[in-house]
Structure formats: C-alpha cells, structure tokens
Visitor: 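Take a look at the following structure, please.
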There are 2 protein chains.
Amino acid sequence: MSERVVPAAGRRRRRPTKQGVVLSEELIVETALRLIEEHGAEALSVRRLGRALGADPSSLYRYFRHTDDLMLAVADELIGRTLHAWRPTGDWRADLRDLGLRMHAGALAHPRAAVLSAHRVTGRRYEIQAVETILGVLRDAGFPDAEAVRVYHAFVDQALAYSALDSANTALPAAAREAEADVWEATYARLPAGTHPHIAATARHLVASMRDSSYPAALELLLTAAEARLALSRVRD
Amino acid sequence: MSERVVPAAGRRRRRPTKQGVVLSEELIVETALRLIEEHGAEALSVRRLGRALGADPSSLYRYFRHTDDLMLAVADELIGRTLHAWRPTGDWRADLRDLGLRMHAGALAHPRAAVLSAHRVTGRRYEIQAVETILGVLRDAGFPDAEAVRVYHAFVDQALAYSALDSANTALPAAAREAEADVWEATYARLPAGTHPHIAATARHLVASMRDSSYPAALELLLTAAEARLALSRVRD
DNA sequence: ACCTGAACACCGTTCAAGT
DNA sequence: ACCTGAACACCGTTCAAGT
C-alpha cells in the first residue's frame, strides 16, 4: 500500500517548479495539513494545494494517485506525531490511558484533518508502528494473543470513534458550527414541560453536559474491563 | 431550527415542475436518501437531486437553505425510522440495549447517509422525540436528573460514534473501500516477525477480529456501569 | 407564488506538449 | 524525468426573468 507512483522515491532528481519549489511527499503532506487547519477541510483541494505549494495542481498526481491517497498520508502523519510524543512507562494501564488521551487530544488539535481521517485504515508506516507498539504493551502485560487483539481492537475503535465524534463540531464550516452550538440552548432548553416533560426537567443538566466529551469516562470503563479479563486469564493458567 | 424558508409550509399552493412533479420537503428527503444509498454519498449533489426529482436544481433552495440543511433533514428521517421501529418494554436496561443496537443497525443499513450525519445535532422533530424518550426511560427507572443526563450523554455519544465508525468503510467510494478491506491481509498479515514480532504473532487474530464491530461489547459495558450507579444512587437516598 | 436558466466561481483528473 | 496547461465533466449557489 505504499502509494507512490514512482518506486525509487526520494532518490530521483527533481526539477523545481516555475515558482522555484522542489516538491516532495513530505512537503505536500505538511502543506495539506496546514491548509486544512487554517482554512477548513474544504480548503483541501488539489487546486488550492497546488497554489499554496507554488506548483501546477496536476503535478501532485506524481506523488499521490488521487486526493484520497493524500488524505491517508495526512492521517498517517497525525498518527506519527501522537505516537512519538508518547512515553510508555511499562505500566500497561497507565500507558494505554495516556496514549488514548493523547490520540483524542491530537485529533482535537487538528479537528478538520481528524474528522476526515479517523475512520480510515492507512496501512502506512506510522499506523503500522502504532499497532505493533500497542500489541506489544498488551502482550508484555501478559494478555494472551487472542485477548490482546480483542483489547487492542476495542481500545483503537473507541479512541478513533470518539476522536471523530468530538472533532466533528470543530471541523464544521463556521456557519454550521455556530448553528449547532446553539441547538441545545435555543431549541432544547426552550421546550415546554407540557409536551416534553423529561427534557424540560433536565434542561439545565443537558446544556452543561453536552459540552463535555464522554471519552475519558468511556476509556476508564474499557481499561477496567480489560484488567478484569487479564486477572481472569491468569487464574485460568 | 426548523429550516424552511417559507413559514406556512405544506399549506401553500404548488405549481408542478416542467416534468410534472409537485415538490415537498418529504419527497426531497426521501429522494435524497434513495440517491445516497443507490449511488453513494457523492451522488447527493443539488444538481443530481434535481435531475432525480424532475426539477431544476435551483428550485430546491425554496425547501432547504443549503445542502447541509438537507443533510440534517435526512439525518432526522433516519432517527425517526429507528425510533418508530423500537418497542420499549419498561425494563430500562433491555430497552436501551435494544435501542442502541437498532441505532447501530439502522446506520449500517444506510451507511452512506449515516457517516454524513451521525456527528450532527439536528434539533429537528425526531431527534427531539428521541431525546425526550430516552430521558424518560432513565428517569422512570429511577435515575436522578443529573445522573440521567450523564447516562443519556454517554449512551448517545457511544451509539453515534460507533455507528459512524462502522458505517465509514461501507460508505467509502468503491475503490477506496476495496483497498481498505485488503490492508489487514495484504499489509499487516505479511509483516515479518523480525521487524514486527507482535503483529506477526497475532496476525491471524487481527485479520479475524478487525472485521467485527466492537460496539455490542462497549454497549454492554456502559449499561453495566450505569446499573452500578443506579444502585449507588438508591443507597444514598 | 413558485419554478427556470444563465451566470459565477469553483471542483478532480487526464493527457499531450513542453523543458 | 518531471512539470505544465488545456480540456472534460462536473460542483453549490444566486438572482433576474418567466409563468
């Protein structure tokens, strides 16, 4: 799944563009990520990216087969950044908690890229590194192979699913984002008790609660369940 | 947040289009949902929708302010369908389990619409109905207001987050979907034990596990935790 | 009162031509 | 060997004009 069209990438000689830029996969990915964060997900078009780089849009097709392929490269770059900021200590539960929270925080720091990529399997270098590392944490902690994979799967799905959910609002175009922020106060908090008794009775709590992420609590629940299964698998031996 | 441009909707007289169709919000939403499922999320363009309806694209702007507004109407229609297929029994835990699984199954039945809408707050009629109903189930079960809202929030976030996650693959354009399905077998299952010992040791389990959804297990975990908190709040009284 | 059609400012992607 | 530019087939949205 290495998506380069030309096999010996990095070694070939490159002519600068008319505007004097020497293109590379790294430069393109960095520029794409910057464009997305500065101007929103809708700013990531081949034409705008070409303009931002100082190159003809069509030249990018030498580096990426199509826009989706570029998106996966951006996703992998985000995984790489999260993974390399993480320092495992050897305590599997603390390490996974820290990694989960870092993944979630990393997504919220790049919400517009995260929402586009959180549900994708990249099969690229940093994702592979992350899978290997997490499985290592679990197997070293004593989880049997099948159980390690189950916990890995639950952990990763949960981190990705909540990262996307919590990034989604921030990633919306400005108009939609503002409309959505208002809904709880403008619509729900104003429903009359006659027709909507349960919403009216809890409106105050609703407005407050819906602002926070439910990820940390869900993560803790998962880690506790995993610990219980680890204890169980030790008893079985 | 009712998004109609003309207030007295449904009561006004309508001229049929050149092709003889009488437009309505309902007809547009149904047609949009059908288009998405038959031809993919990318088929939902104002121009294609106009063609499918037998109307000029620009006429749709009398019913929806913009495409995003139409998307929210489609999302609300999906919520409505799920909610009305659900029959609560009075056992809160069984009822929430059933509703969660129905929401998830409903999303997978319309994956392309689900992935576009699962992270949105519509503020529309069926969503409001769903919030009222779920809060009612929890309050009737004896959850105090603040606790009912906490459990509601965790339940809904989880259902939406996993619905989007599990719909995402099916919702991809055909080419990307096939590439992604191959990654676990074509990339991960072939990594050598020398460089990736943990992946190599568990590859068989990985390929099998990553095909299934981790939602049912996560849902059960959440319901168990909620039950424990309910017991706790009863002791406190 | 509602639908239409032209217009504007965009897209992704391909491919022959240039350097 | 790599970049360019034209071309093709699309987008969402607005607004004056038609019925």
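Every chain is numbered from 1 and lettered A, B, ... according to where its sequence line falls, protein lines coming before strand lines.
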Visitor: Ion pair present between E77(B) and R81(B), side-chain N to carboxylate O less than 4.0 angstrom?
Guide: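 Yes, E77(B) and R81(B) are salt-bridged.
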
Visitor: What is the base-pairing partner of dC8(D), counting Watson-Crick and G-U wobble geometry with both distances under 3.5 Å?
Guide: dG12(C)

Visitor: Find the distance K18(A):NZ to dT4(D):P and express it as a whole number of Å.
Guide: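 Going from K18(A) (NZ) to dT4(D) (P), I get 7 Å.
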
Visitor: Using ring centroids (six-membered ring only for Trp), state whether H84(A) and Y126(A) fall under 6.0 Å.
Guide: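 Ring centroids of Y126(A) and H84(A) are less than 6.0 Å from each other.
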
Visitor: Flag the pair D69(A) and R124(A) as a salt bridge only when some basic side-chain nitrogen lies within less than 4.0 angstrom of an acidic carboxylate oxygen.
Guide: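 So D69(A) pairs with R124(A) through a salt bridge.
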
Visitor: Among dT4(D), dG12(D), dT4(C), which nucleotide has an atom closest to any side-chain atom of T17(B)?
Guide: dT4(C)

Visitor: With hydrogens left out and only the distance checked, is there a donor-acceptor pair under 3.5 Å joining S58(B)'s side chain and the base of dG5(C)?
Guide: yes

Visitor: The side chain of L23(A) lies closest to which of these nucleotides: dC11(D), dC2(C), dC3(D)?
Guide: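 Side chain of L23(A) sits closest to dC3(D).
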
Visitor: Starting from P on dT13(C), measure out to CG on D69(A) and report it in whole angstrom.
Guide: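 Taking CG of D69(A) and P of dT13(C), I get 10 Å after rounding.
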
Visitor: Write down the distance between CD (E42(B)) and C1' (dG12(D)), rounded to a whole number of angstrom.
Guide: 17 Å

Visitor: Between the main-chain N or O of Y162(A) and the side-chain N or O of D157(B), is there a donor-acceptor pair closer than 3.5 Å?
Guide: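 No; zero donor-acceptor contacts below 3.5 Å.
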
Visitor: Using a strict 4.0 Å threshold on nitrogen-to-oxygen distance, state whether K18(A) and D56(A) make a salt bridge.
Guide: no

Visitor: From OH of Y63(A) over to P of dA1(D), roughly how many Å is that when rounded to an integer?
Guide: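 Atom-to-atom, Y63(A) to dA1(D), this comes out as 14 Å.
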
Visitor: Taking the minimum atom-to-atom distance to the side chain of R47(B), which one of dC3(C), dT13(D), dC3(D) wins?
Guide: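 Out of dC3(C), dT13(D), dC3(D), the nucleotide with an atom closest to R47(B)'s side chain is dT13(D).
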
Visitor: Quick one: which of dC3(C), dG12(D), dG12(C) gets closest to the side chain of S59(B)?
Guide: dC3(C)

Visitor: For atom P, what is the distance between dA9(D) and dC10(C), given to the nearest Å?
Guide: 22 Å

Visitor: If we call it a pair only when both distances are under 3.5 Å in a Watson-Crick or G-U wobble match, what pairs with dC2(C)?
Guide: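 Paired with dC2(C), as far as the under-3.5 Å criterion goes, is dG18(D).
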
Visitor: From C-beta outward on R62(A), which listed nucleotide comes closest to its side chain: dC11(C), dT13(C), dC3(D)?
Guide: dC3(D)

Visitor: How many Å lie between CG on L53(A) and C1' on dC3(D), as a whole number?
Guide: 13 Å

Visitor: Between dA9(C) atom C1' and R48(A) atom CZ, what is the distance in whole Å?
Guide: 11 Å

Visitor: Counting side-chain heavy atoms from CB outward, which of dC3(D), dT13(C), dG5(D) is closest to R15(A)?
Guide: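 Within the option list, the nearest is dC3(D).
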
Visitor: What is the distance, rounded to the nearest whole Å, between atom CD of Q19(B) and atom C1' of dT4(C)?
Guide: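 Those two atoms, CD and C1', are 12 Å apart.
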
Visitor: How close or far is atom C1' of dC8(D) from atom OH of Y61(A), stated in whole angstroms?
Guide: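 About 13 Å, once rounded to whole Å.
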
Visitor: Starting at the 5' end of DNA chain C, which residue's closest nucleotide do you reach first, P57(A) or L60(B)?
Guide: L60(B)

